[in-house]
Q: 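Pasting a structure here, questions to come.
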Protein chains: 2
Amino acid sequence: MGLTKTEMFTDLQNEIALFAKVLGHPARVAILQHLFKIEGCICGDLVDEIGLAQPTISQHLKELKLLGLIKGNVEGTSVCYCIDKENWTNMKRVMLQFLDQDIDNKNCC
Amino acid sequence: MGLTKTEMFTDLQNEIALFAKVLGHPARVAILQHLFKIEGCICGDLVDEIGLAQPTISQHLKELKLLGLIKGNVEGTSVCYCIDKENWTNMKRVMLQFLDQDIDNKNCC
DNA sequence: TTAGTTCATTGCAATATTACAATTAAGTTC
DNA sequence: GAACTTAATTGTAATATTGCAATGAACTAA
């Protein structure tokens, strides 16, 4: 069906999955890496940098913005995108708490 | 098109995206959390625990297994699934390196 | 005002994902 | 063997995602 049954899961499980999902495309990973590298960015740069068409980049930026990981300020004809530091840190905290589990494997395998 | 153009991205970017993608569904997050909690598991438990149908759970387990995050041992009629510690640690390392970036935001916003 | 620039939006096609009923496969128990 | 249990596989339907051409919106420059 392509439709995730979010109502069966906890808020935290859904939150983790949403964050992970938006990171689950190499173009969005590349965009974020680039924004970290240059600390502030114009979308035109990204189209050249990444190699996908402008509408495609624009759409990926939209998804990142929707989750709050980046924010954009209009500046003349351009739009300046950058990492939303506070939301990034929050996302990082949620993901680290999930990822940084350790296990004994004493019962199995 | 639904088809990711992986060839435009680095191996690392694709690897990060693949790991993130498999974590991008709450059922798989829930499965992993459960495996961590009980340290060794039978799939039947998961169907009851999570509430999706058996084939759906089986399919999610398959994806987790494909990425190597879990492994399954046949044990009689049941299959014992558990976290693949080594691969989990590797995934964690890759993701932490990506997530744990800091930024100054001195140029923008 | 006209032309140019930059980015968002719309519309569409192709592929991917999610979910499950039905079935199969492989083992156990009697 | 027959009946039962557990989990994988197959087939199918519905929705989501990805990508881009075409277009639109907003600003700038001449």
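Letters A, B, ... mirror the listed sequences (proteins, then strands); counts begin at 1. All values reported here derive from a predicted model rather than from experimental measurement.
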Q: Within the structure shown, what part of the strands sits under 4.0 Å from B:Thr56 by heavy-atom distance: base, sugar-phosphate, or nothing?
A: base
Q: Can you work out whether A:Thr4 or B:Ser78 has the more 5'-proximal nearest nucleotide on DNA chain D?
A: B:Ser78
Q: A:Lys5 NZ to D:dA14 P: how many Å, rounded?
A: 15 Å
Q: D:dT5 P sits how many Å from B:Asp45 CG, rounded?
A: 16 Å
Q: Counting only side-chain heavy atoms from C-beta out, which of C:dA19, C:dA22, D:dG19 sits nearest to B:His60?
A: C:dA19
Q: Are more than 12 heavy atoms, taken from residues, nucleotides or ligands other than A:Gln101, located less than 6.0 Å from that residue's CD atom?
A: yes
Q: Can you confirm whether A:Cys82 sits close enough to A:Ile70 that some side-chain heavy atom of one is under 4.5 Å from a side-chain heavy atom of the other?
A: no
Q: Let's see if you can work this out: which of D:dT9, C:dC20, C:dT15 has an atom nearest to the side-chain heavy atoms of B:Ser58?
A: D:dT9
Q: Heavy atoms from C-beta onward define the side chain here; which of D:dA7, D:dG19, D:dT15 lies closest to that of A:Leu3?
A: D:dT15
Q: State yes or no: are the ring centers of B:Phe19 and B:Trp88 separated by less than 6.0 Å?
A: no
Q: Round to the nearest Å and state the distance from B:Asn73 atom CG to D:dT6 atom C1'.
A: 16 Å
Q: Toward the 5' end of DNA chain C, which comes first, A:Thr6 or A:Lys65, by nearest nucleotide?
A: A:Lys65
Q: Does C:dT5 have OP1 or OP2 sitting under 4.0 Å from an N or O in the side chain of A:Thr77?
A: no
Q: Give the rounded distance in Å between these two atoms: NZ of B:Lys21 and P of D:dA16.
A: 16 Å
Q: How far does OG1 of A:Thr56 sit from CG of A:Leu61, to the nearest 0.5 angstrom?
A: 11.0 Å
Q: Just to confirm, is there a sub-4.0 Å distance from OP1 or OP2 of C:dT6 to any side-chain nitrogen or oxygen of A:Tyr81?
A: no
Q: Among C:dC7, D:dA8, D:dT9, which nucleotide sits nearest the side chain of B:Pro55?
A: D:dT9
Q: Please answer whether the main-chain N or O of A:Gly68 pairs with a side-chain N or O of A:Asn87 as donor and acceptor at a distance below 3.5 Å.
A: yes
Q: How close or far is atom C1' of C:dA19 from atom NE2 of B:His25, stated in whole angstroms?
A: 9 Å
Q: Given the structure, check if the side chain of A:Gln59 and the base of C:dA8 hold any donor-acceptor pair shorter than 3.5 Å.
A: no
Q: A:Leu18 has an atom CG; how far is it from atom C1' of D:dT17, in whole Å?
A: 14 Å
Q: Please state how far atom CD in B:Glu63 lies from atom P in C:dA16, giving the value in whole angstrom units.
A: 13 Å
Q: What is the separation between atom CD on B:Gln54 and atom C1' on C:dA19, rounded to the nearest whole Å?
A: 12 Å
Q: With respect to the phosphate group of C:dC7, does any side-chain polar atom (N or O) of A:Lys62 fall under 4.0 Å of OP1 or OP2?
A: no
